[in-house]
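Here is the structure we will look at.
As the structure is a prediction and not an experimental result, all values here were calculated from the model. Every heavy atom of this structure was used, including side-chain atoms; hydrogens, water molecules and symmetry mates were not.
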Amino acid sequence: MAPYAFVTPAVVLYALVLLIPIGYTLYLSVEKTQVSGLGLGTGARKQVFAGLSNYASALTDAAFLSSLLRVVVYSLILVPVMLGLALLFALLLDARRVRFQQFSRLAIFLPYAVPIVISSLLWGFLYLPTVSPFPAILSKFGLSMPDLFTTHVALLSVANVGVWGGTGFNMIVMYTALRAVPSELYEAARIDGASQRAVALRIKIPMIAPALVLTGVFSIIATLQVFSEPETLAPLTNTISPQWMPLMRVYDLAFNDNNSYEAAALSVIIAAVMFVGSFFLLRVSNKRVFQGR
């Protein structure tokens with residue numbers, strides 16, 4: 001009984017914080033409130049089975065579809081830039097004759113340790129011309145600071161917060177994978193006259209392909225779950241609406257419109273999209289990176 005006794009606390013915690021909420025969300029997604037008469041008095045409102053009507057409403061919700069398109073564009077901006085910078089920093093730190101490696105690793109990783117709300121507020125005030133030091137600095141060079149909260153630029157401003165906070169974590173994952181590559185491969189390449197660039201492109205990057213796949217899948221999942229950055233920046237501008245991102249639309253439905261049933265259906269749809277997308281990416285990467293093993 002000893003193994004079961006040790007495992008039981010983790011199983012109970014897993015059920016309480018994950019399985020039960022998921023089950024309750026699935027239950028709410030097929031329910032609705034039925035109003036009788038004017039909706040006044042005891043028993044005028046009751047919860048009844050709704051079938052798939054909440055899912056139909058969610059899939060035809062214009063605000064949700066707009067937020068879904070916006071998060072796709074956000075992902076296309078964030079993921080390549082963040083992973084590209086993380087790979088570049090990892091390769092530079094792994095290169096020979098690089099000074100201050102420990103300080104550089106810490107400096108690049110440090111933004112990841114800053115809570116998302118704090119980093120979003122930090123960048124939000126840097127974006128505001130009235131409190132940001134950038135306008136004064138740019139004015140000395142005869143330049144003016146653009147409005148970083150306009151409709152077409154706000155998405156880039158939010159993506160910048162994500163890049164700033166997520167690059168360090170992905171860099172550490174890639175750098176750790178690089179340190180695990182056998183040094184004999186590098187020595188053999190140098191004996192053959194390979195340059196640092198050739199070693200990076202032909203040995204290092206292919207050898208850490210599993211780490212690249214891992215960080216890529218996690219980054220894509222994280223973009224679909226983006227909430228704190230735009231929600232924190234929203235009070236600073238009127239270009240970020242309460243339905244700006246999918247999870248913001250879920251929050252708006254549940255707590256502002258008091259429609260927990262459709263919000264639950266939206267949550268299930270978002271989770272299904274993440275599951276299908278992750279499964280597809282892993283299957284494709286398994287064939288290309290791991291040769292089907």
Side-chain angles (χ1 to χ4, degrees), residues 63-64 66-89 105-138 144-173 215-257 263 266-267 270-271 273-274:
F64 173 68
S66 299
S67 67
L68 199 60
L69 178 61
R70 189 175 293 111
V71 81
V72 170
V73 178
Y74 173 81
S75 178
L76 293 176
I77 296 172
L78 175 71
V79 175
V81 175
M82 182 174 63
L83 296 185
L85 288 175
L87 178 60
L88 176 63
F89 291 146
R105 288 199 303 268
L106 179 61
I108 298 171
F109 179 77
L110 188 60
Y112 178 74
V114 179
I116 296 177
V117 175
I118 295 177
S119 62
S120 300
L121 282 175
L122 171 65
W123 280 103
F125 286 116
L126 289 177
Y127 293 154
L128 291 176
T130 55
V131 296
S132 175
F134 293 145
I137 297 174
L138 293 175
S144 60
M145 180 177 173
D147 187 358
L148 299 176
F149 280 130
T150 59
T151 303
H152 301 291
V153 183
L155 194 64
L156 295 175
S157 301
V158 176
N160 176 65
V161 180
V163 171
W164 184 78
T167 300
F169 171 79
N170 292 293
M171 180 273 296
I172 289 296
V173 174
T215 54
V217 172
F218 284 172
S219 299
I220 293 173
I221 293 175
T223 57
L224 291 175
Q225 297 177 341
V226 63
F227 176 81
S228 299
E229 296 93 331
E231 186 71 18
T232 305
L233 294 174
L236 304 179
T237 177
N238 56 5
T239 58
I240 300 178
S241 66
Q243 305 90 18
W244 205 66
M245 286 292 179
L247 288 189
M248 295 176 67
R249 178 55 178 163
V250 173
Y251 181 88
D252 185 61
L253 278 173
F255 298 102
N256 295 334
D257 296 343
L266 276 180
S267 300
I270 294 172
V273 170
M274 287 191 293

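Qualifying side chain to side chain contact (heavy atoms under 4.5 Å, CB included) partners for Leu138, counting only residues two or more places apart in sequence or in other chains: Leu143, Met145. Not counting sequence neighbours, Ser66 has no partner by the side chain to side chain contact (heavy atoms under 4.5 Å, CB included) test. Judged as a side-chain hydrogen bond (donor to acceptor under 3.5 Å, both in side chains), and not counting sequence neighbours, the contacts of Asn256 are Asp252. Applying the side-chain hydrogen bond (donor to acceptor under 3.5 Å, both in side chains) test to Ser228 and every residue at least two apart in sequence or in another chain returns nothing. With sequence neighbours excluded, the residues that form a side-chain hydrogen bond (donor to acceptor under 3.5 Å, both in side chains) with Tyr127 are Asn160. Applying the side-chain hydrogen bond (donor to acceptor under 3.5 Å, both in side chains) criterion to Arg105, with sequence neighbours excluded, gives Tyr175. Under the rule for a ring-ring contact (aromatic ring centres under 6.0 Å, His included), the partners of Tyr112 that lie at least two apart in sequence or sit in another chain are Phe109, Phe169. Residues passing the ring-ring contact (aromatic ring centres under 6.0 Å, His included) test with Phe134: none are found, sequence neighbours excluded. Applying the ring-ring contact (aromatic ring centres under 6.0 Å, His included) test to Phe227 and every residue at least two apart in sequence or in another chain returns Tyr251. Under the side chain to side chain contact (heavy atoms under 4.5 Å, CB included) criterion, Ile108 pairs with Phe89, Leu93, Met171, not counting sequence neighbours. Checked against side chain to side chain contact (heavy atoms under 4.5 Å, CB included), Ile270 has the following partners two or more places apart in sequence or in another chain: Phe64, Pro246, Leu247, Val250, Met274.
Taking 4.5 Å as the limit, some side-chain heavy atom of Leu83 sits within range of a side-chain heavy atom of Ser219. With contacts defined as side-chain heavy-atom distances shorter than 4.5 Å, the pair Trp244/Val226 does not qualify. Proximity of Thr150 to Thr239: side-chain heavy atoms (C-beta onward) are nowhere separated by under 4.5 Å. Side chains of Met248 and Ser67 form no contact here, defined as non-hydrogen atoms less than 4.5 Å apart.
The line from CG of Leu155 to CE of Met245 is 5.5 Å long, rounded to the nearest 0.5 Å. Summarising the geometry, atom OG1 belonging to Thr167 is positioned 11.5 Å from atom CG belonging to Leu87; distances are rounded to the nearest 0.5 Å.
When all heavy atoms are compared, the tightest approach of Pro80 to Ser75 is CD-O, 3.6 Å. Taking all atoms of both residues into account, the shortest heavy-atom contact from Ser132 to Pro135 is O-CD, 3.1 Å. In terms of heavy-atom proximity, Gly166 sits nearest to Asn170 at O-ND2, 2.8 Å.
With Val158 as the fixed residue, the side chain to side chain contact (heavy atoms under 4.5 Å, CB included) test singles out one of Ile240, Ile77, Val153: Ile240.
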Please report, to 0.1 Å, the donor-acceptor pairs under 3.5 Å made by any side chain of residues 116-126, with sequence neighbours excluded.
from   : atom 1 : to     : atom 2 : distance (Å)
Ser119 : OG     : Pro115 : O      : 3.3
Ser119 : OG     : Ile116 : O      : 2.9
Ser120 : OG     : Ile116 : O      : 2.8

